[in-house]
Amino acid sequence: MSNLTTERMSADNKVVALATSNDSLTLRLEHVAGTMLRRLQTTLEVEELLQIFVGEARALVAIDGYSHVYNNRTCGARKRGTPHQLNYRLTLAEEALGEITFYRGERFTDSEIHVIETLLGSLIYPLRNGLRYQEAMNAALSDSLTGVANKRAFDYQLHREVSLATRYKYKLSMLFFDIDHFKKVNDTYGHAAGDALLQQLAKVVQDNCRDSDLCFRFGGEEFAMLLAKTETEGAYAIAERLREAVANTAFQHEGHTISFTISIGVATYDGEENRSDFLERADQALYDAKHAGRNKTKIAHQDQEEALTQAAN
Ligand SMILES: Nc1nc2c(ncn2[C@@H]2O[C@H](COP(=O)(O)OP(=O)(O)OP(=O)(O)O)[C@@H](O)[C@H]2O)c(=O)[nH]1
């Protein structure tokens, strides 16, 4: 193991001294670095990697808190009463790996700084792999035009949210919505204007929702939102707020002011139905909203058969 650590780390200048020195701190450091490296190789999740790093490093250095910021995404948090910090901008062969900061109530000593810098040598490659994995997952699960999550992410999240709502017996609601007469926008102002309008809609949705409300572009001009722990009444209120916000948005594109509206279907999971029935009820409610004249919100029938019978009439 010490060979692996020495070999692995000798690529990093700071660690060469560690391998040649043999005082007791160095031996403990070598041991911790080895254990840490083994554990860091067990996951690609960035948050987990950082927790492993800090957890193992605490065997040698008291660390009260940490944060890692990469592409505006933050893991960890500063704790109250921790005025001292050690901050590193991490790079590997010119690849930026974010900024990591360690917080503490007391100042870090030189030997503690040496320990942390040495251990960072073990973190750097697993962190790079984790960040690449995270980027790949984000790309696979987000819609490239609007930046919101895509249909694949929706399928995954619906599965997860339905399981959680069933297990913890809380309400789960869904909004299913699309732009009214969107074809006319494309036909009148061109496809680029249509694309920009979709981006604008995604922005309005995000500006009008909580972070915990999950928004997805389902495909074309159809979007969905999953609202955990939200009853029908609450979901309806959110839908109405969103519908009004869109209707009040004057969208500018190449000298044109384009107003647009959306129609929304609301459904609340009944606790038993399968996912496709839940989705179909939200879709049916959207259809009802279109049928009622557009720029409307409609609530799905609780009973699937009743909804289908009414649709057939
Ligand atoms: N610009 C652009 N247009 C898209 C995209 N995806 C789908 N569309 C267009 O969206 C339009 C959808 O038209 P329809 O299904 O008739 O719906 P609509 O005109 O909104 O009518 P209603 O939904 O009934 O109000 C079509 O013209 C598609 O070409 C996209 O990514 N960008």
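Numbering of ligands and ligand atoms starts at 1, following listing order.
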**Message:** Looking at Arg243 and Glu240, is there a salt bridge between them, counting it only when a charged N and a carboxylate O are closer than 4.0 Å?
**Reply:** yes

**Item:** Residue, atom name and distance, where the atom is the protein heavy atom closest to atom 28 (C) of ligand 1
**Value:** Asn186 ND2, 4.2 Å

**Request:** Provide, to 0.1 Å, the distance between atom 10 (O) of ligand 1 and the closest protein heavy atom, together with that atom's residue and name.
**Result:** Phe182 CD2, 3.1 Å

**Prompt:** If you draw the axis of the six-membered ring of Phe278, does the NZ or CZ of Arg281 fall within 45° of it and under 6.0 Å from the ring centre?
**Reply:** no

**Prompt:** With the threshold set at 4.0 Å, does a side-chain nitrogen-carboxylate oxygen contact exist between Arg210 and Asp213?
**Reply:** yes

**Request:** Would you mind checking which non-hydrogen protein atom is closest to atom 24 (O) of ligand 1, with the distance to 0.1 Å?
**Result:** Arg294 NH2, 2.9 Å

**Fill in**
Looking only at protein heavy atoms, what sits closest to atom 32 (N) of ligand 1 is Asp195 OD1, 2.6 Å

**Identity and distance of the protein heavy atom lying nearest atom 15 (O) of ligand 1** = Glu221 OE2, 4.4 Å

**Prompt:** To the nearest 0.1 Å, how far is atom 7 (C) of ligand 1 from its closest protein heavy atom, and which atom is that?
**Reply:** Gly220 CA, 3.5 Å

**Salt-bridge present (Asp180, Lys290; N to O < 4.0 Å)** = yes

**Asked** Would you call Lys171-Glu231 a salt bridge at under 4.0 Å N-O?
**Response** no

**Prompt:** Hey, any chance Tyr103 and Ile116 share a hydrophobic cluster, counting ILVMFWY side chains that come within less than 4.5 Å of each other, even indirectly?
**Reply:** no

**Identity and distance of the protein heavy atom lying nearest atom 23 (O) of ligand 1** = Lys290 NZ, 2.9 Å

**Message:** I'd like to know whether NE2 of His31 has more than 12 heavy-atom contacts from other residues, nucleotides or ligands below 6.0 angstrom.
**Reply:** no

Just distance, no hydrogens or angles: give the donor-acceptor pairs under 3.5 Å from side chains in residues 215-230, sequence neighbours left out.
{"unit_1": "Arg217", "atom_1": "NE", "unit_2": "Gly220", "atom_2": "O", "d": "2.9"}
{"unit_1": "Arg217", "atom_1": "NH1", "unit_2": "Asp143", "atom_2": "OD1", "d": "3.2"}
{"unit_1": "Arg217", "atom_1": "NH1", "unit_2": "Asp143", "atom_2": "OD2", "d": "3.2"}
{"unit_1": "Arg217", "atom_1": "NH2", "unit_2": "Gly220", "atom_2": "O", "d": "2.9"}
{"unit_1": "Thr230", "atom_1": "OG1", "unit_2": "Ala228", "atom_2": "O", "d": "2.8"}

**Request:** Please step through side-chain hydrogen bond (donor to acceptor under 3.5 Å, both in side chains) for the pair Gln199 and Thr146, ending with a clear verdict.
**Result:** CA-CA 5 Å; Gln199 290 169 331; Thr146 60; over 6 Å; no

**Per-atom contacts of ligand 1 with Asp180, taking only distances under 4.0 Å to non-hydrogen atoms** = 20 (O), 25 (O)

**Prompt:** If you measure from atom 13 (O) of ligand 1 to every heavy atom of Arg217, His181, Lys184, Lys183, which option wins on shortest distance?
**Reply:** Lys183

**Request:** May I ask whether atom 21 (O) of ligand 1 is less than 4.0 Å from at least one protein heavy atom?
**Result:** yes

**Prompt:** For ligand 1, which atoms sit closer than 4.0 Å to a heavy atom of Leu198?
**Reply:** 30 (C), 31 (O), 32 (N)

**Message:** Within the 4.0 Å heavy-atom shell around Gly194, which atoms of ligand 1 are there?
**Reply:** 1 (N)

**Message:** Checking contacts here: is it the side chain or the backbone of Asp178 that comes within 4.0 Å of ligand 1, counting heavy atoms only? Could be both or neither.
**Reply:** side chain

